[in-house]
Amino acid sequence: MEGIVIKSTGSWYDVLTQNKHILQCRLRGKFKIKGLKVTNPLAVGDRVTIVLEDEVENTGIITDILPRENYIIRKSTHKTQIGHIIAANIDQAMLVATLVFPRTSLGFIDRFLVSAESFRIPATIIFNKTDLLDEEQTDYLKSLMALYEQLGYTCRAISALDQHDTDKVKALIEHKTSLFSGHSGVGKSTLLNRLAPGIQQKTAEVSTFANKGVHTTTYAEMFILSNHTFVIDTPGIKELGLIDINEGELSHYFPEMRDLLGACKFHNCTHTHEPGCAIREAVEAGDIAVSRYYSYLSMLEGEDNRR
Ligand SMILES: Nc1nc2c(ncn2[C@@H]2O[C@H](COP(=O)(O)OP(=O)(O)OP(=O)(O)O)[C@@H](O)[C@H]2O)c(=O)[nH]1
Ligand SMILES: [Mg+2]
Ligand SMILES: [Zn+2]
């Protein structure tokens with residue numbers, strides 16, 4: 001039998017079978033995926049083969065994992081050389097970001113986009129909680145949306161509390177498998193609850209003391225909205241440690257830099273100090289946003305971005 005992992009909580013996996021049953025499954029033996037060091041051998045979205053173990057208890061055994069079309073991975077928080085697969089086989093990654101309560105930094109947004117580019121997964125930015133913004137912040141948001149849309153990323157500004165707004169998101173996810181990611185407290189679960197009545201994810205208020213979410217969602221879970229529409233809610237992430245991107249290829253994941261590669265004087269230009277660097281010239285000319293260039297530099301240094 002074939003199925004798809006819709007929830008993983010440690011050693012048990014909920015697997016949706018082709019005939020629409022949900023089985024609680026365990027892995028048989030150890031799974032090693034070539035060339036990948038990960039904390040979780042299987043992730044939400046993985047397609048697997050299973051055998052029924054106990055028909056009454058609805059349990060099964062996962063016997064094999066089918067090849068992944070793609071996956072999105074980040075550094076595991078404690079063991080930096082090891083990755084944690086957030087989800088597999090997704091059509092698009094939706095970054096839920098908020099300018100306030102909590103604040104999502106541009107550095108974090110750019111890391112997310114670079115990560116999605118490196119996995120060749122289309123990314124969309126959903127700026128949430130627009131109801132909390134004053135006029136000045138609203139103007140700033142507009143400028144950010146203009147920046148990212150110009151780079152080719154779909155952007156939406158919404159309040160998850162407003163039905164008319166959530167319909168805008170609904171239009172983006174139809175007939176696709178969409179991953180929802182972002183800091184804790186930005187409203188991922190609130191938004192998904194609004195998108196389908198069947199989703200009843202817990203939500204919790206952002207701590208006014210720390211201006212941060214309280215990590216209400218603790219494991220990734222996929223929800224089925226219709227035959228071809230799937231959404232994945234994930235726990236909030238603090239930092240997005242990039243994995244497997246080397247210095248030379250980083251600029252390929254910035255669309256505005258990609259277009260200029262080859263125009264630098266030196267073919268191995270890092271765009272940091274070299275003379276005749278087309279990227280730095282573009283930054284100076286205002287053709288590349290300074291914030292994006294700073295994000296590039298910070299990722300190049302490999303430091304975690306807390307700006
Ligand atoms: N004012 C306002 N509050 C919102 C909006 N969206 C969500 N919230 C509130 O923000 C808080 C956090 O929302 P959640 O949906 O729990 O956030 P989350 O992203 O799922 O957080 P984690 O599960 O911890 O990663 C809740 O109190 C929501 O009611 C919005 O558009 N406007
Ligand atoms: Mg949540
Ligand atoms: Zn250069």
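Side chains included, hydrogens not; waters and symmetry mates left out as well; all remaining heavy atoms used. In each ligand, atom 1 is the first atom listed, and ligand 1 is the first ligand listed. Residue indices begin at 1 and follow the sequence shown.
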Heavy-atom donor-acceptor pair, S8 side chain to Y13 backbone, under 3.5 Å: no
Test item: K176 side-chain N/O and Q92 main-chain N/O as donor-acceptor pair under 3.5 Å: no
Atoms in ligand 1 with a heavy atom of L132 nearer than 4.0 Å: 1 (N)
Distance filter under 4.0 Å to A160 heavy atoms, resulting ligand 1 atoms: 6 (N), 30 (C), 31 (O)
N or O pair under 3.5 Å between K202 and ligand 1: no
Heavy atoms from other residues, nucleotides or ligands near CD of E274 exceed 12 (cutoff 6.0 Å): yes
Donor-acceptor side-chain pairing of D165 and S159 below 3.5 angstrom: no
Pair T229, E174: side-chain N/O donor-acceptor within cut-off below 3.5 Å: no
Y296 and F254 aromatic ring geometry - parallel, tilted or perpendicular at 30°/60° bounds: perpendicular
Contact atoms of ligand 1, heavy-atom distance to H215 under 4.0 Å: 24 (O)
Identity and distance of the protein heavy atom lying nearest atom 17 (O) of ligand 1: G187 N, 3.2 Å
Protein contact of atom 1 (N) of ligand 1 - nearest heavy atom, named by residue and atom, plus distance: D131 OD2, 2.8 Å
Test side-chain contact (heavy atoms from CB on, under 4.5 Å) applied to M94 and L172, L191, T154, L179, the passing residue: L172
Minimum-distance protein heavy atom relative to atom 4 (C) of ligand 1: K129 CE, 3.7 Å
Proximal ligand 1 atoms for G236, defined as those under 4.0 Å from one of its heavy atoms: 25 (O)
Shortest protein contact, atom 21 (O) of ligand 1 (heavy atom only): G185 N, 2.9 Å
Mode of L191 contact toward ligand 1 - side chain, backbone, both, neither (heavy atoms, under 4.0 Å): neither
Enumerated ligand 1 atoms positioned under 4.0 Å from heavy atoms of S159: 30 (C), 31 (O), 32 (N)
Nearest neighbour in protein (non-hydrogen) for atom 28 (C) of ligand 1: T190 OG1, 3.5 Å
More than 12 heavy atoms from other groups under 6.0 Å of CD on E247: no
T216 and T203: side chain donor to acceptor below 3.5 Å: no
Over all atoms of both residues, closest heavy-atom pair of K188 and G185: NZ-N, 4.4 Å
For atom 27 (O) of ligand 1, closest protein heavy-atom neighbour: E205 CA, 3.3 Å
D46 side chain vs A43 backbone, donor-acceptor pair below 3.5 Å: yes
Distance-only polar pair, side chains of N193 and Q200, donor-acceptor under 3.5 Å: no
Atom nearest to the Zn ion (ligand 3) - H271, N, O or S atoms considered: ND1
Part of T216 within contact of ligand 1 (heavy atoms, under 4.0 Å): both
Any G213 heavy atom less than 4.0 Å to ligand 1: no
OG (S189) to the Mg ion (ligand 2) to OG1 (T217) angle, given to the nearest 10 degrees: 90°
For atom 11 (C) of ligand 1, the option (of S184, A204, S189) bearing the nearest heavy atom: A204
Proximity to ligand 1 by part of N128, non-hydrogen separation under 4.0 Å: side chain
